[in-house]
Number of protein chains: 2
Amino acid sequence: MDVMTVTDGRRARGDVSRQAVMAVAVDLATVNGLDGLSIGGLASAVSMSKGGIAGLFGSKEELQLATVAAAAEIFQHTVIAPALTAPAGLPRLRALIEAWLDYSESRVFPGGCFFAAATAEYRSRPGPVRDAVAANLLRWRTFLAEAITRAIAAGDLAESTDATQLAFEISAMLDAANDQSLMFDSAAPYARARSAVDALLERARRTGLAHRNER
Amino acid sequence: MDVMTVTDGRRARGDVSRQAVMAVAVDLATVNGLDGLSIGGLASAVSMSKGGIAGLFGSKEELQLATVAAAAEIFQHTVIAPALTAPAGLPRLRALIEAWLDYSESRVFPGGCFFAAATAEYRSRPGPVRDAVAANLLRWRTFLAEAITRAIAAGDLAESTDATQLAFEISAMLDAANDQSLMFDSAAPYARARSAVDALLERARRTGLAHRNER
DNA sequence: CCTACCGATCGGTAGG
DNA sequence: CCTACCGATCGGTAGG
């Protein structure tokens, strides 16, 4: 089932070539932005001609959309898939958070989380690229909220917990760690985020909503 | 003391012109990025010649640095100065947080917080622009931590509160509200951030560090 | 502050 | 997949 076993050699080469190009494109985009990703620049980074890259994708926007899709695949098997091996409930929720922090901290992409970078770049620029980034962001947030909901159902978090609100708060901490670690070239923000998430989960374990937390 | 009263008409015109240009540059930069801010594009946006803009700043990097400085001034009198009129302690801390959320939500810049956008764009690109953005970010974070320290000194927050950690957590909520409001074109994230900050402050009011919050 | 220009690079296309 | 080209725009400079 390997790509190399396909009999149409030309098509197989095209696929391999495209995948190799995408791996570079995704890295370049987290550093220089999806807009800073130029066809000519990508071509020289993978030792191809500009026309070769242009023909592979058709247009710059198609290249950008393909890059978003490639990043989503990497995110899927780096963060989502490993977390799904943990038992549903608080263990899976914690595994998901830890997988995200590892994904950011280990620099799977040189510019940190691909979607954090892409979101900041396209959040004020309507169009297909923004829509693609937003769809992936929403998918992640929904998945995180679902993990929280299952933790509540399992009795690991208080029933009064607002899953969407807690998902907002947790991902705020994760994004802040990613941002600041990159900006100040330090690992300390990851420790801060882990500490903050622990406190959020502890609060949710005991009483759920923050506002019901008063004496 | 008005700029218009200066006797050197040529210099006065230059100053006025420069300020008018900066007001546009700062808006363009939050939408298209500091890198997407081109000399020719800025020129046509303010109905000047490209050579005129080029001569006003010298180089693109100088234009970018001037834009960061102009944004810092706006941030200063939009967020910092108003909060300083509130009494030191928890009232000033709350005023500071509310001023920041208003600043982001009211779209003082069309692309939301200037520094959130600039940070995302330059955090992986070393150089003078990144350094200028980082310096402003650090100044804000230090100011926020100092407001927290004063709230602790005033007895409004528990003595065991870790000011730097709480500053991390609060600004994580603010940045997340800014990010998501722009990406999903919704005001809901601001309500989530306000709720989250209230919970953080309530926790700090009672026990300080999250880890000391256990039963 | 303007016009007019420089070389380089942009996205994209033609032809093979 | 390549070379060779298109018009447009980039940052920057010269001369006034």
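Sequence lines set the chain letters: A, B, ... in the order given, protein chains first and strands last, and positions in each chain run from 1. The figures here come from the full heavy-atom set of this structure, side chains too, leaving out hydrogens, waters and symmetry mates.
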Trainee: From CD1 of I53(B) over to P of dC2(C), roughly how many Å is that when rounded to an integer?
Mentor: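 My rounded result for the distance is 8 Å.
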Trainee: Sequence neighbours excluded, which residues qualify as side chain to side chain contact (heavy atoms under 4.5 Å, CB included) partners of T164(B)?
Mentor: R192(A), D162(B)
Trainee: Less than 4.0 angstrom between a side-chain N/O of S38(A) and OP1 or OP2 of dT9(C), yes or no?
Mentor: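 Answer no for this pair, as no side-chain N or O of S38(A) is under 4.0 Å from OP1 or OP2.
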Trainee: Show me, pair by pair, the donor-acceptor contacts under 3.5 angstrom made by side chains of residues 61-76 of chain B, not counting sequence neighbours?
Mentor:
from: Q64(B); atom 1: NE2; to: L34(B); atom 2: O; distance (Å): 2.9
from: Q64(B); atom 1: NE2; to: Y122(B); atom 2: OH; distance (Å): 3.0
from: T67(B); atom 1: OG1; to: L63(B); atom 2: O; distance (Å): 2.7

Trainee: Could you give the side-chain donor-acceptor pairs of residues 84-95 of chain B under 3.5 Å, partners two or more places apart or in another chain?
Mentor:
from: T85(B); atom 1: OG1; to: P82(B); atom 2: O; distance (Å): 2.6
from: R92(B); atom 1: NE; to: A86(B); atom 2: O; distance (Å): 3.1
from: R92(B); atom 1: NH2; to: A86(B); atom 2: O; distance (Å): 3.3
from: R94(B); atom 1: NH1; to: D198(B); atom 2: OD1; distance (Å): 3.2

Trainee: Please determine whether a side-chain nitrogen or oxygen atom of S49(B) lies at a distance below 4.0 Å from atom OP1 or OP2 of dC1(C).
Mentor: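 False: S49(B) side-chain N/O out of range (4.0 Å or more) of dC1(C) OP1/OP2.
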Trainee: Which pairs pass side-chain hydrogen bond (donor to acceptor under 3.5 Å, both in side chains) with one or both residues in residues 172-187 of chain B, sequence neighbours excluded?
Mentor: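 Residue pairs with at least one partner in residues 172-187 of chain B: R123(A)-D179(B), R141(A)-Q180(B), S104(B)-N178(B), R107(B)-S181(B).
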Trainee: Just list the side-chain donor-acceptor pairs under 3.5 Å for residues 21-32 of chain A, sequence neighbours left out, or say none.
Mentor:
from: T30(A); atom 1: OG1; to: D27(A); atom 2: O; distance (Å): 2.9
from: T30(A); atom 1: OG1; to: G111(A); atom 2: N; distance (Å): 3.2

Trainee: Would you kindly give the CG-to-C1' distance between L63(A) and dC10(C), to the nearest whole Å?
Mentor: 14 Å
Trainee: Sequence neighbours excluded, which residues qualify as side chain to side chain contact (heavy atoms under 4.5 Å, CB included) partners of E146(A)?
Mentor: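 Partners of E146(A) by the side chain to side chain contact (heavy atoms under 4.5 Å, CB included) criterion, ordered by chain and then number, come out as R150(A).
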Trainee: What pairs of nitrogen or oxygen atoms, one from the protein and one from nucleotides 12-16 of chain D, lie under 3.5 Å apart?
Mentor:
from: dG12(D); atom 1: OP2; to: K60(B); atom 2: N; distance (Å): 2.5
from: dG12(D); atom 1: O6; to: K50(B); atom 2: NZ; distance (Å): 2.9

Trainee: Decide yes or no for W140(A) and L96(A): does some side-chain heavy atom of the first lie under 4.5 Å from some side-chain heavy atom of the second?
Mentor: yes
Trainee: Which pairs would a plain distance check flag for residues 43-53 of chain B, meaning a side-chain donor or acceptor within less than 3.5 Å of a matching protein atom at least two apart in sequence or in another chain?
Mentor:
from: S44(B); atom 1: OG; to: G41(B); atom 2: O; distance (Å): 3.2
from: S49(B); atom 1: OG; to: G52(B); atom 2: N; distance (Å): 3.0

Trainee: Rounded to whole angstrom units, what separation is found between the CG atom of L42(B) and the C1' atom of dC10(D)?
Mentor: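 Atom CG in L42(B) sits about 14 Å away from atom C1' in dC10(D).
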Trainee: Both atom distances under 3.5 Å, Watson-Crick or G-U wobble: I'd like the secondary structure of DNA chain C as a dot-bracket string, with | for pairs made across strands.
Mentor: ||||||||||||||||
Trainee: Would you mind reading off the distance between F57(B) atom CZ and dC1(C) atom C1', rounded to a whole angstrom?
Mentor: 13 Å
Trainee: Nearest whole Å is fine: how far is dT9(D) C1' from D35(A) CG?
Mentor: 14 Å
